[in-house]
Amino acid sequence: MSRSIVRQSKFRHVFGQTVKAEQGYDDIRVSKVTWDSSFCAVNPKFLAVIVESSGGGAFLVLPLSKSGRVDKNYPLVIGHSGPVLDIDWCPHDDNILASCSEDCTAMVWQIPDRSLTSPISDPIVILEGHSKRVGIVTWHPTARNILLTAGSDNLIIIWNVGTGEPLITMEDHPDLIYSISWNRNGSLFCTTCKDRRLRVCDPRKREVVAERLAPHEGIRPMRAIFTRDGNIFTTGFTRMSQRELGLWDPTNFEEPIALLELDTSNGVLLPYYDADANMVYLCGKGDSSIRYFEITDEPPYVHYLSTFSSKEPQRGMGFMPKRGVDVSKCEIARLFKLLDKKCEPITMTVPRKSDLFQDDLYPDTAGPEPAMEAEEWLNGRDEDPILVSMRGGYVAQKNRELKVAKKNVLDSRPTTRRSMSALETNSLPAEFHERLLEEIQNLKATVLSQEKRICDLENKLSQYTNGTA
């Protein structure tokens, strides 16, 4: 008598569930720009969504607690002169966000803890170095203030946000770059490109250390991410336009560790990786489902777990860092699904009967403290993320202002937009800064209310003048 052996895994029964309607975010005009980005970024404090905007690019930033219907006049972040293409929260400061746009710039923003009362138009720093639109922005996982941007000029530029200066420029890609992913300690990153090559780059040596032609034989866009073991997980298309996923060892690109065909849908599969659980969530633009897989050391190495399905197709997706999940409910991941007019949080949960903290589900995870400074990384140092315990759940960071100290000010090109934090204010006490900023916010709110009152009075006056009142 033969018995089938079921693979043992604590994540085999993970199930997805949409939160209640009142815990979602409604009346959000999600951007319609044709770009394969996720359009959404989330951290334990905020939800950011790229939205439709007239007269330039804008994105919406909401505190996670501000669920429900979003007022159509809610203030936006509006510094870019062209459509915003990508946004990314800093892993070391929950109030710092980077954005990039068709206006050929990237910008870094400081978001206040409270809900916005007026639009933000002054970034902390403007990063100008690309000659065409900038489509990718991603922070270094362990070094403070290191930001990578990639543009349609096929350039990759690594910046020190603390000085606003480019540190490294790489020109190894002959065509449009589809995706970039850092490895766990930030010593390497992998890229996918329109020339159908998967590359592993060492930025400090300014060279490509490994590459593979056509990991997926189709010509449609690919995506690639580093796993915690140093392997590379890819998504792409076969020659017959079937969607496909693969797992590769960058030290031996000859044969894949695993290659699996999925379906014949058209949408590019965006992978979101949970390094603690070694799980990958695949979300296709235009799909109404999320597939999730576990990566292990046992054949077939990439194990299908399940699929979460809903009725409406997704326009984009945000993935919560592990620090932001609810450990009391055995939640191991939370995704934020963008629809045409709203954002729906989806929780991924492991069913457990006990209410106690589950040590096996929550190993220590990457915390908000950087492991090193930008100069140390540039000089060749590598450090894994500093880990924190998940026991007790998420503890909010204190809002730390990012200071930008520009070097060679006389040699740099003058800009018309400068933020408060870029000015020389070190001689004044912190309490004075906070009081000054609070007074400015109150004045802006007063001006807005007076403008509304004046408009109402003008409307009434015109009605009396026309004899309609």
Side-chain angles (χ1 to χ4, degrees), residues 7 9 11 14 36-38 88 136 138 141 148 177-193 196-201 209-218 220-238 242-263 265 267-285 287 289-308 317-319 321-322 332-333 335 348 365-366 384-385:
R7 186 180 70 89
S9 170
F11 302 115
V14 171
D36 280 330
S37 132
S38 58
D88 192 30
I136 297 172
T138 178
L148 181 151
I177 300 165
Y178 287 140
S179 72
I180 296 180
S181 169
W182 292 97
N183 67 353
R184 187 162 173 78
N185 65 4
S187 59
L188 304 169
F189 59 79
C190 64
T191 69
T192 57
C193 181
R196 299 175 61 217
R197 288 183 182 270
L198 167 64
R199 293 176 174 85
V200 179
C201 303
V209 295
E211 64 179 309
R212 158 82 193 203
L213 175 63
H216 302 282
E217 294 184 347
R220 302 287 310 284
M222 295 183 293
R223 290 289 184 275
I225 53 171
F226 263 109
T227 69
R228 69 182 184 194
D229 303 318
N231 293 326
I232 297 175
F233 182 91
T234 61
T235 64
F237 293 81
T238 67
Q242 281 192 301
R243 293 199 292 196
E244 188 175 50
L245 61 83
L247 187 66
W248 304 83
D249 179 358
T251 62
N252 179 17
F253 265 146
E254 293 300 318
E255 292 293 328
I257 300 172
L259 202 61
L260 178 64
E261 290 184 8
L262 295 177
D263 56 24
S265 184
V268 176
L269 284 170
L270 304 178
Y272 296 92
Y273 179 61
D274 177 356
D276 299 328
N278 218 10
M279 287 175 60
V280 177
Y281 300 84
L282 297 184
C283 313
K285 278 204 168 184
D287 290 4
S289 62
I290 301 169
R291 294 182 181 87
Y292 37 106
F293 299 79
E294 185 180 2
I295 301 172
T296 70
D297 297 329
E298 307 165 0
Y301 304 107
V302 180
H303 305 268
Y304 170 73
L305 293 175
S306 187
T307 299
F308 168 81
M317 192 71 68
F319 189 71
K322 189 54 85 65
I332 62 165
L335 296 101
M348 296 289 177
T365 191
D384 284 342

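Residues take their numbers from the sequence shown, with the count starting at 1.
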Asker: Can you tell me if T192 and S179 form a side-chain donor-acceptor pair at under 3.5 Å?
Answerer: yes

Asker: Looking at residues at least two apart in the chain, or sitting in another chain, which of them share a salt bridge (charged side-chain N to carboxylate O under 4.0 Å, His left out) with D229?
Answerer: none

Asker: Taking the ring centre of each residue, are Y273 and F233 less than 6.0 Å apart?
Answerer: no

Asker: Considering only heavy atoms from C-beta outward, does the side chain of I295 approach that of V280 to under 4.5 Å?
Answerer: yes

Asker: By the definition ring pair (Phe, Tyr, Trp, His ring centres under 6.0 Å), identify the one residue from F11, Y281, Y304 that meets it with F293.
Answerer: Y304

Asker: Can a side-chain donor-acceptor contact be found between H303 and S9 if the only test is distance below 3.5 angstrom?
Answerer: no

Asker: Would you please say whether a donor-acceptor pair under 3.5 Å links the side chains of H216 and T234?
Answerer: yes

Asker: Under 3.5 Å, side-chain donor or acceptor atoms of residues 250-260 against the rest of the protein: list the pairs with distances, not counting sequence neighbours.
Answerer:
residue, atom, partner, partner atom, Å
T251, OG1, D249, OD1, 2.8
T251, OG1, D249, OD2, 3.0
N252, OD1, E254, N, 3.4

Asker: Who are the salt bridge (charged side-chain N to carboxylate O under 4.0 Å, His left out) partners of E244, not counting sequence neighbours?
Answerer: none

Asker: Please determine if R220 forms a cation-pi arrangement with F237, meaning its NZ or CZ atom is less than 6.0 Å from the six-membered ring centre and no more than 45° off the ring axis.
Answerer: yes

Asker: Just to verify, what does R291 make a salt bridge (charged side-chain N to carboxylate O under 4.0 Å, His left out) with, not counting sequence neighbours?
Answerer: D263

Asker: Using side-chain contact (heavy atoms from CB on, under 4.5 Å) as the criterion, list what pairs up with M317, not counting sequence neighbours.
Answerer: Y272, C283, I290, Q314, L335, K337

Asker: Can you name the side-chain contact (heavy atoms from CB on, under 4.5 Å) partners of D36, sequence neighbours left out?
Answerer: P221, R223, V268, K285

